[in-house]
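Every chain is numbered from 1, with letters handed out A, B, ... down the list of sequences. Just so it is clear, the model here is predicted, and its values are computed rather than measured. Just so you know, these numbers use all the heavy atoms, side chains as well, and skip hydrogens, waters and symmetry mates.
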2 protein chains.
Amino acid sequence: MDQQSVTMSDVARAAGVSVTTVSYVLSGKRAVAPDKREAVQKAVAELGFRLNTVAQSLRTKRSRTVALIVPDIANPFYAQLARGLQDAMRPERYHVVVCNTNADRAEELLYLDDVVRRRLDGVVITPQWLAPEDFDAVRAAGIPVVVSSDTGPGSLDLVRADSHEAVDQAVAHLARQGHERLGMLAGPAGAPAGDPRLELYRAAAGRHGLDLPAGLIVRGKHTREAGAEGLRRLMSRKKPPTAIACVNDRTAVGALEAAEQLGLAIPSDLALIGHDDIEIASLVRPRLSTIRYPAYEAGSTCGRLLLERIAGRAGRSEVALRTRLVLRETT
Amino acid sequence: MDQQSVTMSDVARAAGVSVTTVSYVLSGKRAVAPDKREAVQKAVAELGFRLNTVAQSLRTKRSRTVALIVPDIANPFYAQLARGLQDAMRPERYHVVVCNTNADRAEELLYLDDVVRRRLDGVVITPQWLAPEDFDAVRAAGIPVVVSSDTGPGSLDLVRADSHEAVDQAVAHLARQGHERLGMLAGPAGAPAGDPRLELYRAAAGRHGLDLPAGLIVRGKHTREAGAEGLRRLMSRKKPPTAIACVNDRTAVGALEAAEQLGLAIPSDLALIGHDDIEIASLVRPRLSTIRYPAYEAGSTCGRLLLERIAGRAGRSEVALRTRLVLRETT
DNA sequence: TACCGTAGCGCAATCGATTGCGCGATGGGA
DNA sequence: TCCCATCGCGCAATCGATTGCGCTACGGTA
């Protein structure tokens, strides 16, 4: 049941040496005479000894564990990000604990607090509601943080999308097809960082002579339901848009479904463009035109930055991952 | 930088009491005089003290962390399972570390070993290649294990699908539509537990007078690519099947794409049926008929069983989650 | 006055590792 | 023969909590 587990002193006794020697055999940090080394290894094998990493962490102050704090791991985008992060951390023998916040500020804070309590070695976070000062405690504890988001507190390492060019191309494409009124299903209102994707579309619309009036910007969560709801709202306007840009593919898929229910023909009645290019985007019909953001690569990049930081890198880094317009059947 | 963090003895000094008292104020396990209690609380607040859970774990031998060991968190099925598990563990303040094995036996063993090294409080695992004795070390360490799989080592808690009825209905439905030759895209060959889903289809085919010849059973991984490849193999047989059952939805989607490329009409030339009902299943066109397995619920059930075990439940439990046939457009 | 139960608190051992420091043995050079 | 550098090893402190045990003070009862 609650087996007494084998400790280093058990091994030491069995091998006829001190725990010091056992420790050094295991870590290889100091030379040990061949006969003792072998005696230790034999004892380790026979007793089935396993280093207790909790005790090790207490002593060394390194837990070899990092946290990934995201709104929802069941969202394929974050699942992909998680995978990238984990694959990057694995070779260094780091574990990743996944934390779902449901895009709730209280949960974000709770998890951040947990990180310092548990003395984790680092955090990758896609914050939804956090202000720079919310990171003070983590920073004070000396715990490295990498933010994965379009924008974040200016002092932390950041991995973001560089969608400038792709959005410009997307809008140019829509303009070429004769669209004049653009609508947008944007992210939630009140986010501390504003809504960078909305700003990109706004600027691009200006450049290409499209109209993106305030009345055609709908705020909502990053979900299918919100996308569907948003589309219905947009299409019930006096002057509905002929093209809609969506903050991500989930909302775009929701919008697609709602449009279908309304009997709208895509793309002839209405063009839709998503963001991220998650697996679903190429599987729905009509296939979703979107702006591809390499989530897996974003995750592994976060991992790389985190490892660098843990290893002691000093300066801040910011990596902008290039996105790419993928034209399919909804535009 | 590497901030000296505040410990209980710092708090004790500031509050003019012993660490013992601080500990008891924090845990509430012993009565403490109001004035001292307040002094401690004040000191905690002023110093920004946070309990070091590593030290706590060492002392109490509980890490409040469990592992989830699955082939791939980027697979929506497992992502959903993970979410269910996490939601179940969260109220008890447990963390979940997610481990991807890529369905590789060596990785499975490595992670299992890690679990005991890190003295985690429990494991949920969907093993692909593990035999009962591979769990000996974990068992010896007294660490609770819950298996999420169609079948598993008979001695461990198990959460599985009960697809008997649904598969029977699916096959009956195919028979009713006049199908006679059934093919199957099954799981990898050589799994220690055999392939329960294949067996279900085999039995049901017998009952309903369908042919499921050995030549029409293709083994492969649980991926889209394997599904596509498998379909091509099946359709190049002398006598190809008119209906194919797939081990899960990912392979079914792969098969669907391959069928489309071959110019096959679904469902008139070929019927397809999947398993799990992941989000994609209802989004592809034609929409995939499938057998719905509630992955989220499976995850939360695993969490519940794990918590019971941690709390001391003795007997083994096995939960069979009822699956349900969902007929859409591929049959 | 003597005795005893109880509430409040602290000492010190303990969990299982890591590591600075120093000690003894060995051997090469003068 | 003597000295000192080098190698191998162990003692004991330390990381930051938890908790068994025992001590003091206080108040009620006989």
Side-chain angles (χ1 to χ4, degrees), chain A residues 2-41 43-44 47-65 114 116-121 141-142, chain B residues 2-41 43-44 47-65 114 116-121 141-142:
Chain A
D2 34 74
Q3 202 87 349
Q4 209 56 247
S5 62
V6 187
T7 73
M8 268 178 64
S9 71
D10 295 327
V11 174
R13 197 172 320 113
V17 298
S18 72
V19 294
T20 305
T21 299
V22 176
S23 175
Y24 282 116
V25 168
L26 260 39
S27 70
K29 288 186 181 174
R30 201 164 78 171
V32 171
D35 57 334
K36 312 232 172 202
R37 188 208 327 283
E38 279 155 25
V40 168
Q41 285 163 343
V44 164
L47 300 177
F49 169 75
R50 286 167 162 83
L51 235 175
N52 182 328
T53 58
V54 176
Q56 190 177 42
S57 295
L58 176 60
R59 191 58 236 248
T60 63
K61 301 176 174 307
R62 316 263 328 264
S63 58
R64 279 195 176 273
T65 304
D114 245 357
V116 359
R117 243 181 253 288
R118 290 182 179 246
R119 303 299 191 268
L120 299 192
D121 293 344
Chain B
D2 34 73
Q3 202 87 351
Q4 210 56 248
S5 61
V6 188
T7 73
M8 270 179 60
S9 72
D10 296 326
V11 174
R13 198 173 318 116
V17 298
S18 73
V19 295
T20 305
T21 300
V22 176
S23 175
Y24 283 117
V25 167
L26 262 37
S27 70
K29 289 187 182 174
R30 200 164 78 172
V32 172
D35 57 334
K36 312 232 174 202
R37 189 211 325 284
E38 279 155 25
V40 168
Q41 285 162 344
V44 164
L47 299 177
F49 168 76
R50 286 169 161 82
L51 236 174
N52 181 326
T53 59
V54 176
Q56 191 176 42
S57 294
L58 176 59
R59 193 55 237 247
T60 63
K61 301 177 175 307
R62 317 260 332 261
S63 57
R64 280 198 175 271
T65 304
D114 245 357
V116 359
R117 242 181 255 286
R118 292 183 179 247
R119 303 300 192 266
L120 299 191
D121 292 345

Side-chain contact, heavy-atom cut-off 4.5 Å: [X] with [Y]?
{"X": "A:Arg64", "Y": "A:Thr53", "result": "no"}
{"X": "B:Gln41", "Y": "B:Glu38", "result": "yes"}
{"X": "A:Leu26", "Y": "A:Ser23", "result": "no"}
{"X": "B:Arg13", "Y": "B:Asp10", "result": "yes"}

[X] to [Y] - nearest heavy-atom pair and separation:
{"X": "B:Arg119", "Y": "A:Arg50", "result": "NH2-O, 3.8 Å"}
{"X": "A:Tyr24", "Y": "A:Val32", "result": "CB-CG2, 4.2 Å"}
{"X": "A:Ala141", "Y": "A:Val116", "result": "CB-CB, 4.3 Å"}
{"X": "B:Ala12", "Y": "B:Val19", "result": "CB-N, 3.7 Å"}

Rounded to the nearest Å, what distance is computed from the [atom1] atom of residue [X] to the [atom2] atom of nucleotide [N]?
{"X": "B:Arg59", "N": "C:dA13", "atom1": "CZ", "atom2": "P", "value": "13 Å"}
{"X": "B:Lys36", "N": "C:dA7", "atom1": "NZ", "atom2": "P", "value": "17 Å"}
{"X": "A:Lys61", "N": "C:dA17", "atom1": "NZ", "atom2": "C1'", "value": "13 Å"}
{"X": "A:Leu58", "N": "D:dC15", "atom1": "CG", "atom2": "C1'", "value": "4 Å"}
{"X": "A:Asp35", "N": "D:dC7", "atom1": "CG", "atom2": "C1'", "value": "13 Å"}
{"X": "B:Met8", "N": "D:dG16", "atom1": "CE", "atom2": "C1'", "value": "8 Å"}
{"X": "A:Leu51", "N": "C:dG16", "atom1": "CG", "atom2": "C1'", "value": "9 Å"}
{"X": "B:Gln56", "N": "D:dC15", "atom1": "CD", "atom2": "P", "value": "18 Å"}

Please figure out whether A:Phe49 or B:Val17 has its closest DNA chain C nucleotide nearer the 5' end.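 On the 5' side of the pair lies B:Val17.
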
Could you pick out which residue, B:Pro34 or B:Thr60, lies toward the 5' side of DNA chain C when each is mapped onto its nearest nucleotide?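 Here B:Pro34 is the residue nearer the 5' end.
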
[N] OP1/OP2 closer than 4.0 Å to side-chain N/O of [X]:
{"X": "B:Ser23", "N": "D:dA17", "value": "no"}
{"X": "B:Ser18", "N": "C:dC9", "value": "no"}
{"X": "A:Thr7", "N": "C:dG16", "value": "no"}
{"X": "A:Lys29", "N": "C:dT18", "value": "no"}

Counting the atoms with a prime plus P, OP1 and OP2 as sugar-phosphate, which does A:Val54 contact under 4.0 Å by heavy atoms, base, sugar-phosphate, or nothing?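 Since no nucleic acid heavy atom lies under 4.0 Å of A:Val54, the category is nothing.
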
side-chain hydrogen bond (donor to acceptor under 3.5 Å, both in side chains) with A:Thr65: which residues, sequence neighbours excluded?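 Only B:Arg118 meet the side-chain hydrogen bond (donor to acceptor under 3.5 Å, both in side chains) criterion with A:Thr65.
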
Contact nearer the 5' end of DNA chain D, comparing A:Ala31 with A:Val19: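 First, find each residue's nearest nucleotide; the 5'-ward one identifies A:Ala31.
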
Could you point out which residue of A:Asn52, A:Val54, A:Leu58 forms a side chain to side chain contact (heavy atoms under 4.5 Å, CB included) with B:Ser57?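 For B:Ser57, the side chain to side chain contact (heavy atoms under 4.5 Å, CB included) check succeeds only for A:Val54.
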
Give the angle between the helix axes at the two ends of the helix from C:dT1-D:dA30 to C:dA30-D:dT1, taking five base pairs at each end and rounding to 10°.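 Its terminal axes enclose an angle near 60°.
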
Could you write out each protein N or O paired with an N or O of nucleotides 20-28 of chain C at a distance under 3.5 Å?
residue	atom	partner	partner atom	Å
C:dC21	N4	A:Arg30	NH1	3.4

Report the nucleotide, chosen from C:dC9, D:dT18, D:dT14, that has the shortest atom-to-atom distance to any side-chain atom of B:Thr21.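 Out of C:dC9, D:dT18, D:dT14, the nucleotide with an atom closest to B:Thr21's side chain is C:dC9.
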
